[in-house]
Amino acid sequence: MKSIKFDYSNSLLIKESELKKLSKQLVKLDNLVKTKRGAGAEFLGWYDLPINISSKEINQICAVAEEIRKNSDAFVCIGIGGSYLGAKAVIEAMCGVFNLLTHKPQIFFAGNNISGRYLSELLNILQSKKNIYVNVISKSGTTTEPAIAFRIVQNLIEKKYKKNSQKYIIATTDEKKGALRKMADTAGWRSFIIPEDVGGRFSVLTAVGLLPIAVAGIDIKKILKGASDMKKILDTAAPEKNIAMQYAAARYLLYSKYNKAIEILVNYNPELHYIAEWWKQLYGESEGKQGKALYPASCDFTTDLHSMGQWIQDGVRNIFETVLEIEKTNLDLKIPFAENDLDELNYIAGKQVDYVNSKAMQGTIEAHTDGNVPNLKISLPELNEYYLGQLLYFFERACAISGYLLEVNPFDQPGVEAYKKNMFRLLGKK
């Protein structure tokens, strides 16, 4: 079976000898992950999650997902940060941007903002639906954004289904403690467990991500197989062949030695937009501590070449790009021939659109490296569940190593609490 690949040949600055020099340190840091002896070890449950998740839990997730798919025309996934980004990333990548508009059930995400208009419009849509299921995802149940959204959607469901409402509410939460656990137990809702040793941004391969993904009709067993195979590859590969170590080391060198403060994750396929959003949370929340770390940004090319292209080409040289490439696409179109050729496209008539896209990617990499922007590349053989599973686990593993290289705890997020304290004070919470 093929595997995703990492390529730093267009990094401009990184020498093989520099990566080799880091080899012993990379092995040592990766061993901290494997043996769960590093900072934040109590949140390293994601490391062996792809092989430890039980068949019983997978089957339970699939059974509930099938019930929702069969009996509903609307599914609301309520959560914020890691409680929704992984699921949204995989669903949009696999289903495509337009298919989601007519998907059955229609999948809606809420609880990731505090917008009255957003919730009002969602409520209007849900009121027109025949059957609605909601999956509320939170370890505590008291995080403001999802708590507000859930209270509103819960109110709708209880009015709609009255005494049978518990059938349509599913909680994904802590096994024993927290407000949502208490609510679920009191009301008799079905529930799935967020493992205590898995933090939100690393939770996509738990029920947090797997239930919504399965509701979308995506094969979660293939995702877990891809993640499991990637774990095996990374557990045994030598440093020079270990793509997680190589990626972590490359970005560390570009940041610490060559003053590249911003990493831009670039894709050339619109369906990968939320993969980048998930990646931004994973790396931003894991590394951004003690005045350290790269700023994780993202661009959708070629779209953003017409907005950010000028800045990337000629702006401040404190950036590098990591390009996500899909080598083989499953859907494509040929460009038709036109007699008048007024748009001057006949020179590519008969070519596949994705062929043109690939040349746009190649030309952009050449232009940006000519403009002294280092480029890294991560290649997926094709976009399917198996390789997405590989990609998710690869990014998680590299993130842990990268955090340890920076000498920060990759698994806490103390800075997230600052805005909450101010918000609660301004709202008069006691």
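Since we're looking at a predicted model, the values are computed, not measured.
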Trp279-Tyr283 aromatic ring centre distance below 6.0 Å: yes
Pair Gln106, Lys129 - check side chain to side chain contact (heavy atoms under 4.5 Å, CB included), show working. CA-CA 10 Å; Gln106 275 193 284; Lys129 298 297 182 181; 2.6 Å; yes
Tell me, yes or no, whether the heavy-atom count around Lys21 atom NZ, taken from other residues, nucleotides or ligands under 6.0 Å, exceeds 12. no
Report yes if some heavy atom in the side chain of Ile58 is under 4.5 Å from a heavy atom in the side chain of Lys221; otherwise report no. yes
How long is the straight-line distance from CG of Leu272 back to CG of Leu324, given to the nearest 0.5 Å? 6.0 Å
Looking only at heavy atoms, what is the nearest atom pair of Ile137 and Cys77, with distance? CD1-SG, 3.6 Å
After noting the C-alpha distance and the side-chain angles of Tyr268 and Thr364, does the key distance pass the side chain to side chain contact (heavy atoms under 4.5 Å, CB included) rule? CA-CA 11 Å; Tyr268 286 78; Thr364 303; 3.2 Å; yes
Is the shortest side-chain heavy-atom distance between Ile378 and Phe395 below 4.5 Å? yes
For Pro105 against Val215, the heavy-atom pair lying closest together: CG-CG1, 3.9 Å
Taking NZ, NE, NH1 and NH2 as the nitrogens, is one of them in Glu16 or Lys20 under 4.0 Å from a carboxylate oxygen of the other? no
Audit row: Arg181, Ser191, side chain to side chain donor-acceptor pair (under 3.5 Å) steps and yes/no: CA-CA 8 Å; Arg181 167 50 57 199; Ser191 65; 3.2 Å; yes
Lys/Arg-Asp/Glu bridge criterion (N-O < 4.0 Å) met for Arg397, Asp235: yes
Flag side-chain contact, heavy atom, 4.5 Å: Tyr47 against Lys231: yes
Hey, would you say the Tyr133 and Phe75 ring centroids sit under 6.0 Å apart? no
Taking the six-membered ring for Trp, is the centroid-to-centroid distance between Phe6 and Phe394 below 6.0 Å? no
Charged N to carboxylate O below 4.0 Å: is that the case for Glu407 and Lys289? no
So CG of Leu391 and CD1 of Ile223: to nearest 0.5 Å the spacing works out to 11.5 Å
Phe150 ring center within less than 6.0 Å of Trp189 ring center: yes
May I ask you to check if Lys88 and Tyr274 form a cation-pi contact, with NZ or CZ under 6.0 angstrom from the six-membered ring centre and within 45° of the axis? yes
Quick one: closest heavy-atom pair of Val408 and Ser286, and the distance? CG2-O, 4.0 Å
Given the options Leu254, Ile262, Leu294, Ile319 meets side chain to side chain contact (heavy atoms under 4.5 Å, CB included) only with Ile262
Non-hydrogen side-chain atoms of Lys167 and Glu67 separated by less than 4.5 Å: yes
Can you tell me if Glu382 and Thr329 form a side-chain donor-acceptor pair at under 3.5 Å? no
Mark yes when over 12 heavy atoms from residues, nucleotides or ligands other than Glu196 sit less than 6.0 Å from its CD; otherwise mark no. no
Residues, nucleotides or ligands: over 12 heavy atoms within 6.0 Å of Arg151 CZ: no
Is any side-chain heavy atom of Ile233 closer than 4.5 Å to one of Asn242? no
Using only atom types and a distance under 3.5 Å, with no angle test, would you say the side chain of Ser54 pairs donor to acceptor with the backbone of Glu57? yes
In this structure, are over 12 heavy atoms from other groups packed under 6.0 Å from Tyr419 atom OH? yes
What verdict does the side chain to side chain donor-acceptor pair (under 3.5 Å) test give for Gln413 and Arg201, after you've listed the backbone C-alpha separation in whole Å, the side-chain angles of each residue and the deciding distance to 0.1 Å? CA-CA 10 Å; Gln413 54 278 341; Arg201 59 189 175 274; 2.5 Å; yes
Rounded to the nearest 0.5 Å, what's the gap from CD1 on Ile132 to CD1 on Ile169? Could you check? 11.0 Å
For Lys351, does the NZ atom sit with more than 12 other heavy atoms under 6.0 Å from it, leaving out its own atoms? no
Take atom OH in Tyr355; do more than 12 heavy atoms of anything else shown fall under 6.0 Å from it? no
Checking Lys280 against Ser298 for the side chain to side chain donor-acceptor pair (under 3.5 Å) test, could you report, in this order, the C-alpha distance in whole Å, the side-chain angles of both residues, the deciding distance, and whether it holds? CA-CA 8 Å; Lys280 283 194 286 191; Ser298 64; 3.2 Å; yes
Scanning both residues in full, the closest heavy-atom pair of Val208 with Gly82 reads CG1-O, 3.6 Å
Measure the spacing between NE2 of His306 and OG1 of Thr303 and express it to the nearest 0.5 Å. 8.0 Å
Check this for me: Tyr295, atom OH, are more than 12 non-hydrogen atoms of other residues, nucleotides or ligands nearer than 6.0 Å? no
The test is side chain to side chain donor-acceptor pair (under 3.5 Å); show your working for Ser115 and Asn113 and say whether it passes. CA-CA 6 Å; Ser115 165; Asn113 60 63; 4.6 Å; no
Side-chain contact test, heavy atoms from C-beta onward, threshold under 4.5 Å: evaluate it for Ile107 versus Pro212 and give yes or no. no
Looking at side-chain heavy atoms only, is the closest gap between Ser11 and Asn375 below 4.5 Å? no
Would you kindly say whether His273 and Glu92 are connected by a side-chain donor-acceptor distance under 3.5 Å? no
Does Lys34 come within less than 4.0 Å of Asp48, counting only side-chain N to carboxylate O? no
Can we say Asp174 and Lys177 salt-bridge, meaning some charged N sits less than 4.0 Å from an Asp/Glu carboxylate O? yes
Would you call Lys257 and Glu18 a salt bridge, taking side-chain N to carboxylate O under 4.0 Å as the test? yes
Shortest non-hydrogen contact between Ala216 and Ile91, atoms and distance: CB-CG1, 3.8 Å
Is a side-chain donor-acceptor pair under 3.5 Å present for Thr322 with Glu263? yes
Regarding Tyr386 and Asp229, do their side chains bring together a donor and an acceptor under 3.5 Å, going by distance alone? yes
Phe320 vs Leu12, test: side chain to side chain contact (heavy atoms under 4.5 Å, CB included). Steps then yes/no. CA-CA 10 Å; Phe320 70 92; Leu12 300 178; over 6 Å; no
Would Glu325 and Lys5 count as a side chain to side chain contact (heavy atoms under 4.5 Å, CB included) here? Give the steps. CA-CA 10 Å; Glu325 176 191 32; Lys5 295 176 288 192; over 6 Å; no
Which of Asn357, Asn267, Asp354, Leu383 passes side chain to side chain contact (heavy atoms under 4.5 Å, CB included) with Ile326? It is Leu383
NZ of Lys222: more than 12 outside heavy atoms within 6.0 angstrom? no
So do Leu210 and Phe192 actually touch side chain to side chain, heavy atoms under 4.5 Å? no
If you compare all heavy atoms of Ala87 against all heavy atoms of Ile213, which two are closest, and at what distance to 0.1 Å? CA-CG1, 3.9 Å
Main-chain N/O of Leu224 paired to Ser228 side chain as donor or acceptor, under 3.5 Å: no
Would Phe411 and Phe202 count as a close aromatic pair, with their ring centres under 6.0 Å? yes
